[in-house]
Amino acid sequence: MEIVGLNRDKKRALCLFAGLLAFFLGLLAVGGVGVYNDSEQYITMHIHREPLYPLYLAVFRQIFGPENLMPAMAGQGALTALGITALTEYLTRRFALRLWEELLVAALQLAPHLITRYVSALHIFLENSVMSEALCIPLFTFFLYFLLRMLFENKARDAAFALAFAWLLSMTRGQMMTTILLWAFLLVLRLIVNKKYRSLFIPIAAFVLAFLLRDLTVHVYNYAVTGYFMGNTYGQVNTLTNVMYAADEEDRAVFEEGSLEQAFFDQFYEEAEERGLNYKFGGESFAQRAAYLEDNHDILKFQVLEAGLSAYYFSLGEVDYYEQSSMSDEMAGKMIQSLLPACFGQWLYDYMLLCRNGFVRSIAVVHPLINPAAFALYVLAAALTLWNAIKLKRYDVSVVMGVALLFITANVCATSITIMCLSRYMIYGFSLFYIALYLLVREMWQKKVRR
């Protein structure tokens with residue numbers, strides 16, 4: 001049946017959205033809602049979790065009551081379908097893609113959902129799961145849509161929307177604060193290229209204000225939920241985990257003799273040594289050490305550091321969970337400041353192990369046969385980007401890959417500081433990388449044909 005009043009492009013977009021919506025809602029109907037270890041923390045608005053996703057769930061809980069999770073998951077699927085449609089249709093118009101190419105771009109954006117379902121360790125379908133990544137994915141797609149429009153169309157409205165979605169992403173997952181940094185960096189670069197030096201203060205000021213507003217919003221949210229005007233806790237404990245993993249026994253000397261920090265270090269180190277939870281047990285090869293660190297990070301964090309800190313602060317008496325959590329984070333921060341310089345070399349080596357796996361998981365899966373191919377793809381992508389920009393003067397396709405590579409680098413480097421780079425943390429750059437790679441190859445092929 002003809003859809004009256006819509007042009008050809010809008011009809012295609014509507015059909016694509018309907019197909020994607022049917023895909024996500026169909027999988028929800030078949031597989032149901034996925035509830036996992038972290039899900040309860042989002043539902044209960046836990047102090048460790050950023051505000052936006054718990055608030056998202058709270059809205060559905062207020063509207064639908066006890067049976068709120070199924071509608072909330074349907075909302076996630078609808079948002080994801082809308083985001084994929086918006087980005088696909090924009091790229092289709094921008095690069096004059098044919099129908100099969102438009103469908104390819106959409107399919108590439110479905111790939112991360114299938115990877116986390118069939119390849120990752122948890123085997124979860126994210127959009128049907130009570131996890132913040134399920135909201136992050138559509139928000140990130142909208143962010144890319146407006147970011148690319150900002151770069152190509154040079155409109156202030158697109159820049160404002162891109163920053164707004166970057167801020168929302170940072171309120172959903174802490175690691176996604178990198179999107180605010182990426183937005184500011186690219187806008188500054190664009191202003192420099194256009195020689196608008198007097199306007200450079202705008203992205204810099206907006207960058208600072210976005211971070212200040214995020215911090216204030218988190219504090220206000222936590223005050224409303226817990227009664228404490230405080231930020232999210234546990235970030236410092238996360239970071240201390242990798243620092244303790246890299247420490248040697250003699251590093252205890254960095255703490256004042258008899259101090260509480262030294263007592264915690266001795267306790268953590270002794271238990272980690274007994275259980276094989278430090279770098280000495282990691283194996284010989286680069287791959288073995290990376291796998292060992294990833295396998296043991298959470299054990300060291302939860303069963304040694306968090307358990308020890310919690311037990312001590314609760315033993316003081318009249319300390320509730322939020323105070324204990326804040327005290328633990330404060331102590332972890334103090335220990336990091338003293339300990340990290342002493343074990344920086346080993347910590348940096350371990351950091352590179354995590355980054356290595358993060359870069360692979362951003363575009364593939366970690367496997368001895370796949371890892372070299374993944375890094376070869378990065379080299380190929382960089383070479384094609386430079387060739388298209390310098391030789392063919394096709395800056396638009398080069399910009400798309402440039403954005404993909406910059407985001408992947410920022411995401412990997414930021415995530416590796418605090419935790420291992422699991423697939424669900426890395427998937428955001430996957431689709432854009434392969435879309436950009438296709439556009440680069442397509443441009444070179446069309447150039448060859450035109451000759």
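Every value quoted in this text rests on a predicted model; they were computed, and no experiment measured them. Sequential numbering from 1 along the given sequence is applied to the chain's residues.
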- Determine whether more than 12 heavy atoms belonging to other residues, nucleotides or ligands lie under 6.0 Å from atom CZ of Phe161. no

- Task: Dump the intermediate steps for side-chain contact (heavy atoms from CB on, under 4.5 Å) on Leu97 and Arg442, then the final yes or no.
- Result: CA-CA 10 Å; Leu97 302 181; Arg442 174 181 182 265; 3.6 Å; yes

- Task: Start with the C-alpha gap between Tyr321 and His46, add the side-chain angles, then the distance that decides, and say whether side-chain contact (heavy atoms from CB on, under 4.5 Å) holds.
- Result: CA-CA 11 Å; Tyr321 178 79; His46 198 280; 3.0 Å; yes

- Message: Would you compute the distance between atom CD of Glu294 and atom CG of Leu422 and round it to the nearest 0.5 angstrom?
- Response: 6.5 Å

- Item | Sub-4.5 Å side-chain heavy-atom contact between Met401 and Asn388 | no

- Member of Val412, Ile417, Ile419 meeting the side-chain contact (heavy atoms from CB on, under 4.5 Å) criterion with Thr415: Ile419

- Query: Does the side chain of Tyr313 pick up a donor-acceptor pair with the side chain of Glu323 at under 3.5 Å?
  - Reply: no

- Item | is_close_aromatic(Phe430, Tyr434), centroid dist under 6.0 Å | yes

- Task: Rounded to the nearest 0.5 Å, what's the gap from OG1 on Thr179 to CZ on Phe143? Could you check?
- Result: 5.0 Å

- Message: Using the rule ring pair (Phe, Tyr, Trp, His ring centres under 6.0 Å), only one of Tyr428, Tyr438, Tyr378 pairs with Phe433; which is it?
- Response: Tyr378

- Query: Is the ring centre of Phe185 less than 6.0 Å from the ring centre of Phe207?
  - Reply: no

- Does one side chain, of Glu50 or Asn232, offer a donor that lies under 3.5 Å from an acceptor on the other? no

- Query: For Leu163 and Phe146, what are the C-alpha separation, side-chain angles and deciding distance, and is it a side-chain contact (heavy atoms from CB on, under 4.5 Å)?
  - Reply: CA-CA 9 Å; Leu163 178 59; Phe146 286 110; over 6 Å; no

- Task: Report, as yes or no, whether the 6.0 Å neighbourhood of atom CG on Asn37 holds more than 12 heavy atoms from other residues, nucleotides or ligands.
- Result: no

- Task: Report yes or no: does Trp183 contribute a side-chain atom to a donor-acceptor pair with the main-chain N or O of Ala164 at less than 3.5 Å?
- Result: no

- Query: Any side-chain heavy atom of Glu443 within less than 4.5 Å of one from Leu384?
  - Reply: no

- Message: For Ser398, is there any backbone N or O sitting under 3.5 Å from a side-chain donor or acceptor partner on Thr385?
- Response: no

- Nearest-0.5 Å distance that lies between atom CG in Leu340 and atom OG1 in Thr239: 9.5 Å

- For residues Arg49 and Pro54, report the shortest heavy-atom separation together with the two atoms involved. CB-CG, 4.5 Å

- Query: Taking the six-membered ring for Trp, are Tyr145 and Tyr90 parallel (under 30°), tilted (30 to 60°) or perpendicular (over 60°)?
  - Reply: perpendicular

- Query: Can you tell if the side chain of Tyr197 reaches within under 4.5 Å of the side chain of Lys195, non-hydrogen atoms only?
  - Reply: yes

- Item | Straight-line distance of Asn128 CG to Gln76 CD, nearest 0.5 Å | 8.0 Å

- Message: Between Thr88 and Gln109, is there a side-chain donor-acceptor contact under 3.5 Å, judged purely by atom types and distance?
- Response: yes

- Task: Give a yes or no answer on whether the side chain of Gln41 reaches the backbone of Asp38 with a donor-acceptor pair at less than 3.5 Å.
- Result: no

- Query: Any side-chain heavy atom of Val105 within less than 4.5 Å of one from Thr92?
  - Reply: no

- Query: Does a side-chain heavy-atom distance below 4.5 Å link Leu293 with Asn242?
  - Reply: yes

- Task: Give a yes or no on whether the backbone of Tyr36 and the side-chain of Ser39 come within a donor-acceptor separation of less than 3.5 Å.
- Result: yes

- Message: Other residues, nucleotides and ligands only: do more than 12 of their heavy atoms fall within 6.0 Å of CZ on Phe302?
- Response: yes

- Item | Polar side chain donor-acceptor pair, Ser326 to Glu330, under 3.5 angstrom | no

- Message: Looking at every non-hydrogen atom in both residues, tell me the closest pair between Leu148 and Leu87 and how far apart they are.
- Response: CD1-CD1, 4.1 Å

Below 3.5 Å, can you tabulate the donor-acceptor pairs from side chains in residues 21-31 to any protein atom, sequence neighbours excluded?
none

- With a 6.0 Å cut-off on ring centres, are Phe407 and Phe140 close enough? yes

- Query: Parallel, tilted or perpendicular: which fits the ring planes of Phe165 and Phe142, with parallel below 30° and perpendicular above 60°?
  - Reply: parallel

- Query: Atom CE of Met352 and atom OG of Ser416: how far apart are they, to the nearest 0.5 Å?
  - Reply: 11.0 Å

- Correct closest heavy-atom pair for Arg424 and Leu126 would be CB-CD1, 4.4 Å

- Note on the structure: Taken to the nearest 0.5 Å, the spacing of Arg198 CZ from Leu191 CG works out to 13.5 Å

- Search all heavy atoms of Cys421 against all heavy atoms of Arg361 and return the closest pair with its distance. O-NH1, 2.9 Å

- Query: Hey, what's the ring geometry for Tyr245 with Tyr292, parallel, tilted or perpendicular (30° and 60° as the breaks)?
  - Reply: tilted

- Query: Side chains of Tyr53 and Val130: closer than 4.5 Å at any heavy-atom pair?
  - Reply: yes

- Under 3.5 Å, is there a donor-acceptor pair between the side chain of Asn222 and the main chain of His219? no

- Query: Tell me, do Arg356 and Arg289 make a side-chain contact under 4.5 Å, heavy atoms counted?
  - Reply: no

- Item | Flag side-chain contact, heavy atom, 4.5 Å: Val304 against Ile299 | no

- Message: Using every non-hydrogen atom in the two residues, find where Ala72 and Tyr56 come nearest and quote the distance to one decimal.
- Response: O-OH, 2.6 Å

- Task: Assign the ring pair Phe64 / Phe60 to parallel, tilted or perpendicular, where the plane angle (0 to 90°) is split at 30° and 60°.
- Result: parallel

- Message: Could you walk me through whether His113 and Ile137 satisfy the side-chain contact (heavy atoms from CB on, under 4.5 Å) test, starting with their C-alpha distance in whole Å, then the side-chain angles of each, then the deciding distance to 0.1 Å, before giving a yes or no?
- Response: CA-CA 9 Å; His113 303 278; Ile137 291 173; 3.8 Å; yes

- Taking all non-hydrogen atoms of both residues, which atom of Cys355 and which atom of Cys413 are closest, and how far apart? SG-CA, 4.3 Å

- Query: Do Asp329 side-chain atoms and Thr233 backbone N/O form a donor-acceptor pair below 3.5 Å?
  - Reply: no

